[in-house]
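Note sheet for the following structure.
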Amino acid sequence: MISQEVSIADIINKQRAYFNTGKTKDINFRLEQLKTLKQAVTQQKDAIINALKADLNKPEFESYATEIGVIQEISYAIKHIKTWAKPQKAPVSPQFFPASARIYPEPLGVVLIISPWNYPFSLIISPLVGAIAAGNCAILKPSELTPNTSRLLNEMIKQYFDPAYITVVEGGVQTSQQLLAEKFDHIFFTGGTAVGKIVMEAAAKNLTPVTLELGGKSPCIVGSDINIEHTARRITWGKFLNCGQTCIAPDYLLVNKSIKENFLNELQKCLQEFYGDNPARSSDYGRIVSKKHFERLAHFLKEGKVRIGGETNPSELYIAPTVLEDVSLTDSVMEEEIFGPILPVIEYTDITEAIDLINSKSKPLALYLFSNNKNLQQQVLQQTSSGGVCINDTVIQVAVSSLPFGGVGDSGIGKYHGKSSFDTFSHYKSVLHNPFWLDLKWRYAPYKDKLSTLKRLIG
Ligand code: NAD
């Protein structure tokens with residue numbers, strides 16, 4: 001825990017000095033560091049699984065799939081970094097002949113990465129991959145709500161990296177605000193929309209650019225033209241994975257009235273298949289991160305009518321996978337981001353009702369549509385705006401490195417993953433080069449007799 005501003009300033013100064021040596025600009029250095037990061041994650045797998053179990057009761061399978069799986073993002077960067085880092089040629093119009101143009105990606109400097117508790121390991125390592133690939137030094141601030149993972153990250157980064165290059169600063173809101181008061185070259189924040197505003201305000205004081213990976217209510221439309229069994233399974237998985245504490249989990253369902261009953265029966269069957277008769281005893285079902293979040297979620301259970309689940313156990317921070325019906329749009333469960341294992345279901349008869357409802361709310365991070373109807377797919381794509389869309393599945397879009405990941409409007413600013421991570425942590429420097437061997441005089445004074453040539457050139 002950092003308790004004095006002076007020590008934060010000290011860390012930043014050391015990182016600035018390290019950055020100024022120019023070491024991180026070398027592509028081979030970056031490649032080596034990415035390989036070290038991959039090795040660190042690989043060697044610490046057991047410790048990562050244990051920390052996540054202690055913090056969130058995360059099943060080992062989920063820890064592998066959604067946290068240790070960040071190795072794939074590292075491998076992707078290792079594979080592509082040399083191409084990404086190459087200066088790109090840019091076309092130059094004939095009037096500037098014989099000049100040539102190139103765009104050089106260059107690192108920003110010292111960057112700050114602040115992360116949340118829901119995927120407390122991968123959501124700090126994944127942006128770090130971009131920061132390293134682009135040649136920056138980085139300070140990482142994990143969430144205080146997952147203390148075991150935070151401690152492990154601190155120890156792991158210390159063991160594998162020079163603190164003047166990458167370091168972890170542990171702590172809560174106060175530490176985060178101490179960090180935010182400093183000048184960075186970029187701040188990458190993942191968390192809630194309300195805190196995102198605080199981060200952006202603090203960054204503005206130093207004119208620090210930000211990436212804000214925020215949350216919100218991600219809708220999931222279930223049309224009538226579907227494979228009902230696969231739809232139920234894919235929604236159940238995406239919603240109740242990590243006990244619903246996933247930024248891109250389907251927040252609420254908009255289900256076509258004609259299939260609603262069949263679909264909800266299938267969903268119930270699926271929950272039984274996944275977690276058994278009593279999910280509280282399933283080793284594959286997680287827990288709520290804290291008492292505060294448990295109480296927030298328990299309040300939602302008082303709204304609408306419980307169709308499936310609804311059981312809670314405060315001493316274990318357990319909330320059963322729950323489906324709510326008959327909620328009103330003014331209920332808090334439909335006004336706030338749920339971020340837990342509670343799924344309100346709203347029925348619609350015409351797709352325009354579902355689209356209008358989505359458009360009446362802030363732009364979501366993810367939008368899900370289950371339908372084989374191509375026209376309906378196009379209509380939803382064209383008439384709604386969201387960070388991303390996944391058709392006929394949930395959540396897996398986040399794992400596709402070639403797809404930029406980020407929000408729009410209230411769900412965020414900027415994007416990352418794969419090349420987008422490299423872009424986020426790079427400045428693209430435009431360089432025009434005019435050789436000496438030719439010096440056409442059409443632009444120089446005296447301008448007499450040259451205007452007609454200029455007019456011809458400009459058109
Ligand atoms: P949060 O915003 O409360 O906290 C995120 C980080 O900010 C933590 O490290 C915390 O210490 C710090 N922080 C909290 N309050 C602060 C303040 N007042 N000033 C400065 N720093 C502060 O978010 P959370 O509860 O950890 O995570 C849940 C939220 O994150 C949800 O809204 C979820 O949708 C969102 N999220 C988004 C993504 C994404 O990729 N877009 C991923 C995961 C979570």
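Numbering of ligands and ligand atoms starts at 1, following listing order.
Ion pairing between a basic and an acidic side chain is recognised when a charged N comes within 4.0 Å of a carboxylate O; Glu266 and Lys269 show such pairing. A salt bridge links Arg233 with Glu229; the closest basic N to acidic carboxylate O contact falls under 4.0 Å.
Contacts of ligand 1 (protein heavy-atom distance under 4.0 Å) are Ile114, Ser115, Pro116, Trp117, Asn118, Leu123, Lys141, Pro142, Ser143, Glu144, Val173, Ser176, Gln177, Leu180, Phe189, Thr190, Gly191, Gly192, Val195, Ile198, Glu213, Leu214, Gly215, Cys247, Glu337, Phe339, Leu365, Phe405.
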Do any side-chain atoms of residues 193-203 form donor-acceptor pairs under 3.5 angstrom with protein atoms, and if so which ones, sequence neighbours left out?
from   : atom 1 : to     : atom 2 : distance (Å)
Thr193 : OG1    : Asp410 : O      : 3.2

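Screening Val345, Ile235, Leu267, Leu369 for a side-chain contact (heavy atoms from CB on, under 4.5 Å) involving Val222 leaves a single residue, Ile235.
For Asn256 and Lys260, the side-chain atoms include no donor-acceptor pair closer than 3.5 Å. For Tyr428 and Glu106, the side-chain atoms include no donor-acceptor pair closer than 3.5 Å.
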